[in-house]
Structure formats: C-alpha cells, structure tokens
Amino acid sequence: MQNDRLTLAGKEFPVISVDTLIVGTGCAGYNAADWLYELGRRDIALISEGERMGTSRNTGSDKQTYYKLSLCGDEPDSVLELAKTLFSGGGVDGDTALCEAAGSVRSFIKLCMLGVPFPQNEYGAYAGYKTDHDPRTRATSAGPLTSRFMTEALEKSVKSKDIPVYDGMQAVKLLTEGGAVCGLLAIDLSKLEEETAGFTFFWAQNIILATGGPAGLYAASVYPESQTGMSGMALEAGAAGQSLEQWQYGLASIDFRWNVSGTYQQVLPRYISMDEEGNEHEFLPGYFSSPTAALDAVFLKGYQWPFDVRKLPGSSLIDLIVHHETQDLHRRVYMDFTRDPSGLQDGFEGLSEEAYTYLSRSGALMKTPIARLLHMNPAAVELYRSHGIDLAREPLRIAVCAQHCNGGIAVDKNWQSAVKGLYTVGEAAGTFGVYRPGGSALNATQVGSMRAAEHIAYTTKQGMACTQEAFAAAAGAGAKELIERSFAALAAAGKESNVRSSRSRGQERMSRSAAHIRSLSELSDFYADTLEELKNFWENLRLCGCQELPHALRNRDILITRAAVLSAMCLMHEKAKSIGAGMLCSADGAALPGAPDGYRMQPGEGDFSGLHTSVSMEKDGVSACLTPVRPIPQTDDWFENVWREYRQRTGQ
C-alpha cells in the first residue's frame, strides 16, 4: 500500500494504492477481507461510511436466521438438494445456487469457530427449524442479533490481522480501464471543508462491493436509516443489474425499524388502527369469514412473512389490508400485545390444528399475546424495550415495508460482475431471484465473499493491473466531470437546499407506486420521470453547504438505481403480470375474496422461473431484457478428477 497525489480539475487529490479494496464493513465485507488474508493476500484494505452503520449490525428478522445444509437429526439432505431449493425459487442462476449450497457448511462452521453462538444439542449437533420457502429444517439462529454477532466476530478477526479500515469514507464513483476496474473515487467525510472537498482516489486492481442492498429507495422501509446502498455506481461502471424488480416486503415496526415476523405473529396479537379522531378499530375480523379465520392468517404470517401474490387470498391478505388501512384510509396501524384479539374469547380450540398444535406444544396457551411472547421469545420483548417501546404497555406501530432486494448486480460463480476485477457480494449481488428461503441472505454474504476472495487469490498476482498513467487517464475520463460539477454546486451553494426533499419525494413515490402494489401505467410514468430527473440532476441541484455534498451524491446513485429497478419492473410486469412480491393491479383484474374494495389483481401469466431481467445503463436511459438463468451444473465428482483440478486451480 502506498500514497500518492493526482492532479485533476486544477487540484491535487490524494491517491491510495492497494491491491484489493473492499467497500463495506458488514459481515460480507469483513469476511472477504478475512479470507483474503488467510489466502495469503496482504495488500488489502476496507473503506466504510461508518463501521457501525448498515444492515448487518442494525436489523433482525431475516438477518437473525442462517440458512444452510441440515446438520441435525435424520432428515435427508445434500448439497444438490439445497441447490435445487435455492434454484426452485425462480430467476436464480444454478451455478451460484450450487456454490451457496456447497459453501454453506464451511462458512457456517467458520462463524461457529469465531464464536457466534449458534445452538447445539447435548451431542453437538446444530439444531434447525423451518423458515419460509424451506422444505427442510435447515435454518438456525443465534437470536434476534445473529447478523450483528456475525459482523462483530468477523470484525474482531480482521482487526487482529491489522488490515486497515478507512472509516468515514464514502464511495461515489468506480473507475475502469479497458473493461476492467482500476480504482474508485471516494469522499473523506472528515475533510469536506478542505479545498479538495474530501475527494480521495483509490487505485486498485480488484474491488469487492459489499455495500448491501439499495436501501435508500423506499420511504416505508425496514432497512436501517444509516444504509442507502451504492448499486448505482456499479451499474454506471458497466455492471449489469439482475432481477432488480424482485423485492421482499412485509410487516415491520416503523418507530423502531424491525421486522415483525416469526413469534411476533404466532402469539396472535390484536391488529388495531386509529383514525384521525383517535378512534380505535380492531379491523381484521371485518375482512375474513370469521375472527378465528383472521387469527389463522395471522399465525401463518409468522413463517409466511413476506408478501407473496401466491398467498392471495391467504396470509398475504393481511399485508393488503394493512396497506389499505394506512395508505387509503390514512389510519395508523398497530399490533397490540396487551389484549387478546377477537376469536379467543372461548379459548384456543377454534384455531386451525396447525396453530393450536404449535401453541400447545410450545406451552403457550396462556392469556394475552404478551404473556405468550414472553414465554416463547423473551428476547423479542427485550429488544423493543431496549429501544424505548414496552410491548406490555403500549401497541406497536407497523406498516408494510421494503425489507430486502432479491435482485442486485449480476455476478458469475465467483461473484465477479461483467466488469473484470469488480466483485459484488452480499445483498448487493443479484443471486436471490423471486423466492428464497428466509435466512439464505446471511449464507450468501459468507459464501459469496469467500468465493470472491478465493478467485482473487488463485487467479491474480498481487500488484496493479494497470499503470499509473493508465489509472490517471481513467480518473480523468471517469471522475473529472463529477468532481467539476460537485465544485460548481458547492460554489453556487445558497440558503436553500433540495437535497433531502428530493430524496423524500422519490422514496414516498416508490412506496406508493412501486412497492408490493403496482400499476403498469404508474410504473411507466415514474420511470420516465426518473430518467428526466437523472438527466437534469446537476442543473436542479441546490446545496446550502459542503456537508450536503455526500447526501447529494447518494441521491444521484439512488436515481440511477431507481431507473434500473423501474425499468425491470415495467418489463417483468408487462410479460408476467403479477409475480413474486409484485401484485399488478388493474380495473379489469381478478377480484380477491376478502380484499378491500378496488384491489383487483392481474393473475400471473406463463412460467418465468427460468428467466430473469437483465438491466444495463445506456447514454439515454436503461436497456432491459429477459435472459435465461444458468442451469445447475452437472458435475463430475470422481475424486481423482476433483483432486487434480483442485491442485491446478489453487496452486497446491
């Protein structure tokens, strides 16, 4: 690693050269650095806007579950069976599914060795449970803070190796030369008031993006407010987007952002709403054939948490009703754990056999949802109490929120993008498709970052792939305009700003028109407006100080990502109608039993499980098309052949 200077736009900017740069300090980023070090690479560094920011440290639900190969009991399982489960979700490439299946045990055991407290039975087997879209009991958990435990364990390992971390450094632009990545432009957030406005160049032959999903797109979101994602700069650099229209939406608390899945639903809370006059309504029974039918749907939300058009009517009807109460009736919706809901006045025997058996075997047939929750999952109650919300005394405000992007940047079996040397790992990578088992995202963070590290270690030599002159030329071609426009915006800064208001308007429109309830005409109009906003971004930008520049550049990245997402949504819904978590509505759609008035769904058309959207940025917009998924590879696992190929690949 060495430091240098680069003259550009009449100013001198610092340059930090490093063989491999990792962007992001969640469990994917730290794992990539840890593996690179173990594989012999030393010239590596991480950058982060803030080490304590991001999804890995600050969210739960799906991030509390680790999905892997079964490691307990007599349930049959295999690498290929797990790969088939991941692949069967639709829109998933078979080679990445096989890699995630094959690498799950090695990645999981590494976390156990680092101290993540996944539970074992008295004989040492790792017990599992069933999660959404899971035909086995492959999931495990270390509690609501599983992903935080993972991140902290990996951080400790990385810090023990003295791998440098540049904290307070926001990536804003990828640099390429000859179709390969050669560096990155960032802003040092501690130097915004200096002559260079904090702009800093990194010269690297490999870059691993571990920036999380595009969390800044939606207003109704369970992503931590500290995360926005940076998918736009990868798209702008020439990487392709994949399955960007496929998201997960579900019920979440909004005063403290947290998914309310699993036990929160299975203890059967009371759903209430408040109108503008403060009048309380227990609204679910009015939409179902009976109060107990409503309760059975609530119970199923525990492990059918994501909104799914295949579960309409069914458990996803609850999401539709909550959306109607909040968006159409403008009411505040709560889950109340202090009182039993309608339908339990005469006991639990009226519930479905599945719900009754679950509560009975759990020893949770007591009065009030809070008593049941304290019995089965006291940590869930303590979590909210630690954030100033006492579920034993007050209702929990909720909404249907964006939770996870199942798409992202397209990658190959080594998690390398279409740009040579640019790898994308974790939720930033587009490996999940339409449906995925809950918890598979955590496995993907570990396997994808491990695969990227191995590919770098086995196929490249430590050093710089391009010369200093080539890097300087790439910086001039790729970053000069952005830097000059940024300085012009700073020079014109006044008392008024539109940075935060423009982001909020876009986020609110995404939640209104491009979340789980969608209209093709609204999506098309929104896409056209987004392209126009992106085209005129610099001309319309208004800053009131240098501290707003990083937020403005995030807005630009969000705009690029939004354009790609909306183009993918338009294409997929035009072809497939309703699919995954996207309910396409129209006046001539099919009526849904129990649905609020006006909600008519265009049923899905055709089988699109073998296709995914592919999106690339063009000068005048976005190019989107449907492409076939890569099948699961048929491998020759004859030991002697595998051993020979392994020695050749790894240099053993």
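Counting only N and O atoms by type, the side chains of Gln602 and Ser586 include a donor and acceptor under 3.5 Å apart. No side-chain donor-acceptor contact under 3.5 Å links Ser70 and Arg136. Side-chain contact check for Thr65 and Tyr129: at least one donor-acceptor pair (N or O, by modelled atom type) lies under 3.5 Å. Under 3.5 Å, the side chains of Ser513 and Glu522 contain a donor-acceptor pair of N or O atoms. With hydrogens and angles left out, the side-chain atoms of Ser440 and Glu100 include no donor and acceptor closer than 3.5 Å.
Shortest non-hydrogen contact noted between Tyr435 and Val309 is OH-CG2, 4.3 Å. What you find for Thr25 and Glu51 is that their closest heavy atoms are OG1-CA, 3.5 Å. The two atoms that bring Ala410 and Gln242 nearest to each other are CB-OE1, 3.5 Å, heavy atoms only. Annotation for Phe432 and Ala429: closest pair CE1-O, 3.9 Å, computed over non-hydrogen atoms. For the pair Ile409 and Ser231, the tightest heavy-atom approach, listed with the atom from each and the gap, is CD1-O, 4.0 Å. Minimum interatomic distance between Ala568 and Leu244 (heavy atoms only, all atoms of both residues): CB-CB, 4.3 Å.
The shortest side-chain heavy-atom distance between Met53 and Pro224 does not fall under the 4.5 Å cut-off. Using a 4.5 Å heavy-atom cutoff, the side chains of Gln327 and Ile517 are not in contact. Annotation: side chain of Asn259 is not in contact with side chain of Tyr264 (no heavy-atom distance under 4.5 Å). Counting only heavy atoms from C-beta outward, the side chains of Leu46 and Val158 approach each other to under 4.5 Å. Using a 4.5 Å cut-off on side-chain heavy atoms (C-beta onward), Lys110 and Glu38 make no contact. At least one side-chain heavy atom of Leu184 sits under 4.5 Å from a side-chain heavy atom of Ile47. Counting only heavy atoms from C-beta outward, the side chains of Ser449 and Ile208 never approach each other to under 4.5 Å. Side-chain contact check for Leu209 versus Met233: some heavy-atom pair is nearer than 4.5 Å.
Between the Asp93 side chain and the Asp95 main chain, no donor and acceptor come within less than 3.5 Å of each other. Checked by atom type and distance alone, the side chain of Trp247 never pairs as donor or acceptor with a backbone atom of Gln403 at under 3.5 Å. For Glu245 (side chain) and Thr613 (main-chain N/O), no donor-acceptor pair under 3.5 Å exists by modelled atom type. At least one donor-acceptor pair closer than 3.5 Å links the side chain of Ser253 to the backbone N or O of Trp258. Under the 3.5 Å distance criterion, the side-chain polar atoms of Ser107 are left unmatched by any main-chain donor or acceptor of Ser104. For Asp308 (side chain) and Arg310 (main-chain N/O), a donor-acceptor pair under 3.5 Å exists by modelled atom type. Remark: the backbone N or O of Ser157 is not paired with any side-chain donor or acceptor of Tyr30 at under 3.5 angstrom. Under the 3.5 Å distance criterion, the side-chain polar atoms of Thr211 are left unmatched by any main-chain donor or acceptor of Gly229. Panel note: side chain Thr635, backbone Asp637; no donor-acceptor pair is recorded below 3.5 Å. Between the Gln446 side chain and the Cys27 main chain, a donor and an acceptor come within less than 3.5 Å of each other.
No more than 12 heavy atoms of other residues, nucleotides or ligands shown are found within 6.0 angstrom of CD on Gln634. The local environment of CD in Glu225 is sparse, with at most 12 non-hydrogen atoms from other residues, nucleotides or ligands closer than 6.0 Å. At most 12 heavy atoms of other shown residues, nucleotides or ligands fall within 6.0 angstrom of atom NZ in Lys413.
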For side chain to side chain contact (heavy atoms under 4.5 Å, CB included), just list the numbers for His455 and Arg451, CA-CA rounded to whole Å, side-chain angles, deciding distance to a tenth of an Å, and then say yes or no. CA-CA 6 Å; His455 192 251; Arg451 294 282 302 183; over 6 Å; no
Dump the intermediate steps for salt bridge (charged side-chain N to carboxylate O under 4.0 Å, His left out) on Arg556 and Glu236, then the final yes or no. CA-CA 11 Å; Arg556 184 174 178 274; Glu236 192 175 35; 2.6 Å; yes
Trace of the side chain to side chain contact (heavy atoms under 4.5 Å, CB included) decision for Arg562 with Arg509: CA-CA 11 Å; Arg562 187 205 299 165; Arg509 191 171 177 184; over 6 Å; no
Which is it for Asp319 and Lys301 under the salt bridge (charged side-chain N to carboxylate O under 4.0 Å, His left out) test, yes or no, and what are the steps along the way? CA-CA 9 Å; Asp319 305 273; Lys301 286 302 296 178; 2.6 Å; yes
Tell me, with the steps shown, if Met583 and Leu592 meet side chain to side chain contact (heavy atoms under 4.5 Å, CB included). CA-CA 12 Å; Met583 173 181 167; Leu592 297 169; 3.7 Å; yes
Between Glu454 and Arg649, does a side chain to side chain contact (heavy atoms under 4.5 Å, CB included) hold up when you go through it step by step? CA-CA 10 Å; Glu454 287 180 327; Arg649 175 165 42 87; 5.6 Å; no
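With sequence neighbours excluded, the residues that form a ring pair (Phe, Tyr, Trp, His ring centres under 6.0 Å) with Phe108 are Tyr66, Phe118, Tyr126.
Aromatic pair Phe307/His323: ring centres not closer than 6.0 Å.
Distance CG/Leu442 to CD/Glu427: 10.5 Å, rounded to 0.5 Å. With values rounded to the nearest 0.5 angstrom, Leu235 atom CG is found 10.5 Å from Leu174 atom CG. The CZ atom of Phe526 sits 13.0 Å away from the OG atom of Ser519 when rounded to the nearest 0.5 Å. We find the CG-OG1 distance between Leu154 and Thr445 to be 8.0 Å, quoted to the nearest 0.5 Å. To the nearest 0.5 Å, atom CZ of residue Arg503 and atom OG1 of residue Thr228 are 6.5 Å apart. Distance check: Asn31 CG to Thr151 OG1 gives 10.0 Å after rounding to the nearest 0.5 Å.
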Which atom pairs, one a donor and one an acceptor, fall under 3.5 Å between side chains of residues 213-221 and the rest of the protein, sequence neighbours left out?
unit_1 : atom_1 : unit_2 : atom_2 : d
Tyr218 : OH     : Tyr249 : OH     : 2.7
Tyr218 : OH     : Ala514 : O      : 2.5
Ser221 : OG     : Tyr223 : N      : 3.0

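Tyr67 does not carry Arg436 over the face of its six-membered ring by the limits of under 6.0 Å from the centre and within 45° of the normal.
Salt-bridge formation is detected for the pair Arg554/Glu49: a Lys NZ or Arg NE/NH1/NH2 atom is positioned less than 4.0 Å from an Asp or Glu carboxylate oxygen.
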